[in-house]
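Everything on this sheet refers to the single structure shown next.
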Amino acid sequence: MGIRDAGGRAAVAILAAAGGWLIAQTSWGTPGHEPRFPQLTLETLSPAQRPLGEKIMKISSVGLAGPYNPMIRSPEMAQRMYDLLDYLRWHTSVPTRLNEFAILIQGRLWRSQVEWYAHYPLAIKAGLSEQVAADLKANRRPDGMKPDEAAVYDFCMELSTQHKVSDETFARAQQVLGEQGVVDLTALTGTYVTVAMLLSMAEEGVPPGKEPPFRAGEP
């Protein structure tokens, strides 16, 4: 996200892994609705939550909102999720453009306002075409995908909607990504389903004053 600590690592690296955005120390929940999870602060964390909370604060400098607000209610799970997301965002074998595209696919399938809001600019910055993203957002198979993008799209869509992957689709993905890449892509896809579920369950929304990507009544 452009903020780096003295060691050159993105200061928001892990926080971005769970959502990819900078957040204020407030909850973004549904307007006019009591938040399901009141916003935690470092001072309100329990002894079990505090070590991870301190770790997040040291690297992000942006608070404990977004998915971390519900996640840290289960501190051991949150720590393991933190470590997994660190790998899937910053150490994966999948190229960033394809990684962010895969996250957008899950964001669209789940109509996850926060996932799309957070990862759309990251995907465009990584080289994904705005037209491809626009088609995906409009719930249609994108025109003009590069061959590697089409392989990722078909793999993620088949796995997510049919709960299986054909031999032909698997072979295309493996040719593009290799064996490790196919495994990493599958883990990313499943993990961002979990992130979307957490955000939906907690009723997290986009920042105040920002337009939600998906409007009511749209497919």
* Heavy-atom neighbours of Gln175 CD exceed 12 at 6.0 Å -> no
* Structure fact -> Those residues at least two apart in sequence (or on a different chain) that pass side chain to side chain contact (heavy atoms under 4.5 Å, CB included) with Pro51 are none
* Side-chain touch Leu199/Gln113, heavy atoms, less than 4.5 angstrom -> no
* To do: Without swapping roles, check the side chain of Thr191 against the backbone of Ala187 for a donor-acceptor pair under 3.5 Å.
  => yes
* Derivation and outcome, side chain to side chain contact (heavy atoms under 4.5 Å, CB included), residues Thr194 and Met81 -> CA-CA 10 Å; Thr194 300; Met81 191 76 157; 3.5 Å; yes
* Does Ser200 use its side chain to pair, donor to acceptor, with the backbone of Ala196 at less than 3.5 Å? -> no
* To do: May I ask you to say whether Glu100 pairs ionically with Arg89, meaning some side-chain N is under 4.0 Å from a carboxylate O?
  => yes
* Indicate yes or no for a side-chain donor-acceptor contact from Asn69 to the backbone of Phe37 under 3.5 Å, with no hydrogens or angles considered. => yes
* **Any residue meeting side chain to side chain donor-acceptor pair (under 3.5 Å) with Thr169, in chain and number order, not counting sequence neighbours** => Glu158, Ser166
Side-chain donor-acceptor contacts of residues 211-219 below 3.5 Å, not counting sequence neighbours, with atom names and distances?
unit_1: Glu218; atom_1: OE1; unit_2: Arg215; atom_2: N; d: 3.1

* Could you list the residues that satisfy side chain to side chain contact (heavy atoms under 4.5 Å, CB included) with Ala171, not counting sequence neighbours? => none
* How would you list all residue pairs meeting ring-ring contact (aromatic ring centres under 6.0 Å, His included) that involve residues 124-149, not counting sequence neighbours? -> none
* Structure fact -> Looking only at heavy atoms, the pair that brings Ile72 and Ala78 closest together is CA-CB, 3.9 Å
* Within the side chain of Arg108, is there an N or O that forms a donor-acceptor pair under 3.5 Å with the backbone of Lys137? -> yes
* Under the side chain to side chain contact (heavy atoms under 4.5 Å, CB included) test, residues paired with Val183 that sit two or more places apart -> none
* May I ask you to test the Pro75-Leu52 pair for a side-chain heavy-atom distance under 4.5 Å? => no
* **Distance, nearest 0.5 Å, that separates CG of Leu40 from CE of Met71** => 12.5 Å
* **Shortest non-hydrogen contact from Phe170 toward Val165** => N-CG1, 3.6 Å
* Listed partners of Arg50 passing salt bridge (charged side-chain N to carboxylate O under 4.0 Å, His left out), at least two apart -> Glu54
* Side chain proximity check, Tyr192 to Ile105, heavy atoms < 4.5 angstrom -> no
* Close side-chain approach of Val94 and Leu188, heavy atoms under 4.5 Å -> no
With a cut-off of 3.5 Å and sequence neighbours excluded, list every side-chain donor-acceptor pair involving residues 144-155.
unit_1: Asp148; atom_1: OD1; unit_2: Arg97; atom_2: NH1; d: 3.1
unit_1: Asp148; atom_1: OD2; unit_2: Arg97; atom_2: NH1; d: 3.4
unit_1: Asp148; atom_1: OD2; unit_2: Arg97; atom_2: NH2; d: 2.7
unit_1: Glu149; atom_1: OE1; unit_2: Lys146; atom_2: N; d: 3.0
unit_1: Glu149; atom_1: OE2; unit_2: Arg97; atom_2: NH1; d: 2.9
unit_1: Asp154; atom_1: OD1; unit_2: Arg141; atom_2: NH1; d: 2.3
unit_1: Asp154; atom_1: OD2; unit_2: Arg141; atom_2: NH2; d: 3.4
unit_1: Asp154; atom_1: OD2; unit_2: Arg172; atom_2: NH1; d: 2.9
unit_1: Asp154; atom_1: OD2; unit_2: Arg172; atom_2: NH2; d: 3.1

* Please list, chain by chain and in numerical order, all residues satisfying side chain to side chain donor-acceptor pair (under 3.5 Å) with Ser93, sequence neighbours excluded. => Asp184
* To do: Give, for atom OG of Ser112 and atom CE of Met197, the distance between the pair rounded to the nearest 0.5 Å.
  => 11.5 Å
* Asked: Do the side chains of Gln106 and Ser160 get nearer than 4.5 Å, heavy atoms only?
  -> yes
* Of all residues at least two apart in sequence or in a different chain, which pass the side chain to side chain contact (heavy atoms under 4.5 Å, CB included) check with Glu130? -> Tyr120, Ile124
* **Where Ala126 and Thr96 come nearest, the two heavy atoms and their spacing** => CB-CG2, 3.8 Å
* Side-chain donor or acceptor of Arg111 paired with backbone N/O of Gly107 under 3.5 Å -> no
* Structure fact -> Sorted by chain and residue number, the salt bridge (charged side-chain N to carboxylate O under 4.0 Å, His left out) partners of Glu179 (sequence neighbours excluded) come out as none
* Audit row: Trp90, Leu85, side chain to side chain contact (heavy atoms under 4.5 Å, CB included) steps and yes/no -> CA-CA 8 Å; Trp90 307 107; Leu85 288 166; over 6 Å; no
* For Thr41, does its backbone N or O pair with a side-chain atom of Thr44 as donor and acceptor, under 3.5 Å? -> yes
* To do: Work out which heavy atom in Pro38 is nearest to a heavy atom in Arg73; give both atom names and the distance.
  => O-NH2, 2.8 Å
* State, yes or no, whether a side-chain contact exists between Leu185 and Thr92 at a heavy-atom distance under 4.5 Å. => no
* To do: Sequence neighbours left out, what pairs pass ring-ring contact (aromatic ring centres under 6.0 Å, His included) with at least one residue falling in residues 124-152?
  => none
* **Full working for side chain to side chain contact (heavy atoms under 4.5 Å, CB included) between Ile103 and Leu122** => CA-CA 10 Å; Ile103 295 170; Leu122 299 178; over 6 Å; no
* Asked: Knowing that exactly one of Leu128, Val132, Leu109 qualifies, which makes a side-chain contact (heavy atoms from CB on, under 4.5 Å) with Leu104?
  -> Leu128
* Kindly confirm or rule out a cation-pi arrangement of Lys210 over Tyr117, judged by NZ or CZ under 6.0 Å from the six-membered ring centre and within 45° of its axis? => no
* To do: Decide side chain to side chain contact (heavy atoms under 4.5 Å, CB included) for Asp86 and His91; before the verdict, give the C-alpha distance in whole Å, the side-chain angles of both, and the deciding distance to 0.1 Å.
  => CA-CA 7 Å; Asp86 176 55; His91 306 287; 3.6 Å; yes
* **Heavy-atom donor-acceptor pair, Asp135 side chain to Arg140 backbone, under 3.5 Å** => no
